[in-house]
K.L.:
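Sharing a structure, written as structure tokens. Questions coming.
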Amino acid sequence: PEALTAAAPKFELVYPSMKTVVKAKFGLEAGCGVLALREWYWSESLRRMFRDFRPTGHDRNVVHHSKIGFCVFFDGDVKKLLWLYCGSHNFSASAFGQFTSGGRLQVFNYELGVFFGAGDSQQAMSFDDFSIDFEVPAPEYPAADRAFTSGALEELHEQQRDAIELQFIQSFEADFGAR
């Protein structure tokens, strides 16, 4: 229908910000760092595509490992779901595969994903029929925040080390006096 072709498609990536991960229930201490986006995938120029992952379910402070992709359009006032994909793999060439020079698709990791498709817009399902456990539409990152990346994680650890070192120096000076 015209509603699907009238506007250019808009791609958004829902991915947790640094602040979302730091304040999460298990946060950095539980090894959340292994889920960090590689630094070279993030840049300020891509900020407009990123949206913050904000959980809404029974435990609002848990950052999910699941990957969800979906295509939504409006049929009047009703939000319709054209397709929905859920999986646990990473978005990488190893997980989705890459073509060899001979044209064969080579996949290194095999993980389960489920695809729900409507076929066409006439068969599209109501978006409300699916339970998606995060805010939709997802909010933009606050200006002072950024994506949870390996580089941002290193910066945070460096800041924590500096704070501990400063605390040690201040404690030493209080106990023994500045010399």
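Not measured: the values here are computed from a predicted model.
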K.L.:
Using 0.5 Å steps for rounding, measure from the CE atom of M125 to the CG atom of L81.
P.N.:
5.0 Å

K.L.:
Going by side chain to side chain contact (heavy atoms under 4.5 Å, CB included), name the residues that satisfy it together with T100, two or more places apart in sequence or in a different chain.
P.N.:
R104, Q106

K.L.:
Check whether any side-chain heavy atom of V136 lies under 4.5 Å from a side-chain heavy atom of K79, and answer yes or no.
P.N.:
yes

K.L.:
Among all residues two or more places apart in sequence or in another chain, which pass the ring-ring contact (aromatic ring centres under 6.0 Å, His included) test with F108?
P.N.:
none

K.L.:
Could you tell me the separation between the OH atom of Y85 and the CZ atom of F115, rounded to the nearest 0.5 Å?
P.N.:
10.0 Å

K.L.:
Do you know which two heavy atoms are closest between F53 and V14, and how far apart they sit?
P.N.:
CA-CG1, 3.8 Å

K.L.:
One pair to check against side chain to side chain contact (heavy atoms under 4.5 Å, CB included): L82 and V72. What are the steps and the verdict?
P.N.:
CA-CA 6 Å; L82 195 57; V72 175; over 6 Å; no

K.L.:
I'd like a table of donor-acceptor pairs (distance under 3.5 Å, sequence neighbours excluded) in which one partner is a side-chain atom from residues 139-148, with atom names and distances.
P.N.:
{"unit_1": "Y141", "atom_1": "OH", "unit_2": "Y15", "atom_2": "O", "d": "2.7"}
{"unit_1": "D145", "atom_1": "OD1", "unit_2": "M18", "atom_2": "N", "d": "3.4"}
{"unit_1": "D145", "atom_1": "OD1", "unit_2": "K19", "atom_2": "N", "d": "3.4"}
{"unit_1": "D145", "atom_1": "OD2", "unit_2": "S17", "atom_2": "OG", "d": "2.7"}
{"unit_1": "D145", "atom_1": "OD2", "unit_2": "K19", "atom_2": "N", "d": "3.4"}
{"unit_1": "R146", "atom_1": "NH2", "unit_2": "E39", "atom_2": "OE1", "d": "3.3"}
{"unit_1": "R146", "atom_1": "NH2", "unit_2": "E39", "atom_2": "OE2", "d": "2.7"}
{"unit_1": "R146", "atom_1": "NH2", "unit_2": "T149", "atom_2": "OG1", "d": "3.1"}

K.L.:
The criterion is ring-ring contact (aromatic ring centres under 6.0 Å, His included); which residues satisfy it with F50, sequence neighbours excluded?
P.N.:
W42

K.L.:
How close do P16 and V21 get, heavy atom to heavy atom, and via which atoms?
P.N.:
CB-CG2, 3.7 Å

K.L.:
Can you name the side chain to side chain contact (heavy atoms under 4.5 Å, CB included) partners of F116, sequence neighbours left out?
P.N.:
L84, V114, F130

K.L.:
Under the side chain to side chain contact (heavy atoms under 4.5 Å, CB included) test, which residues partner L105, sequence neighbours left out?
P.N.:
F99, V107

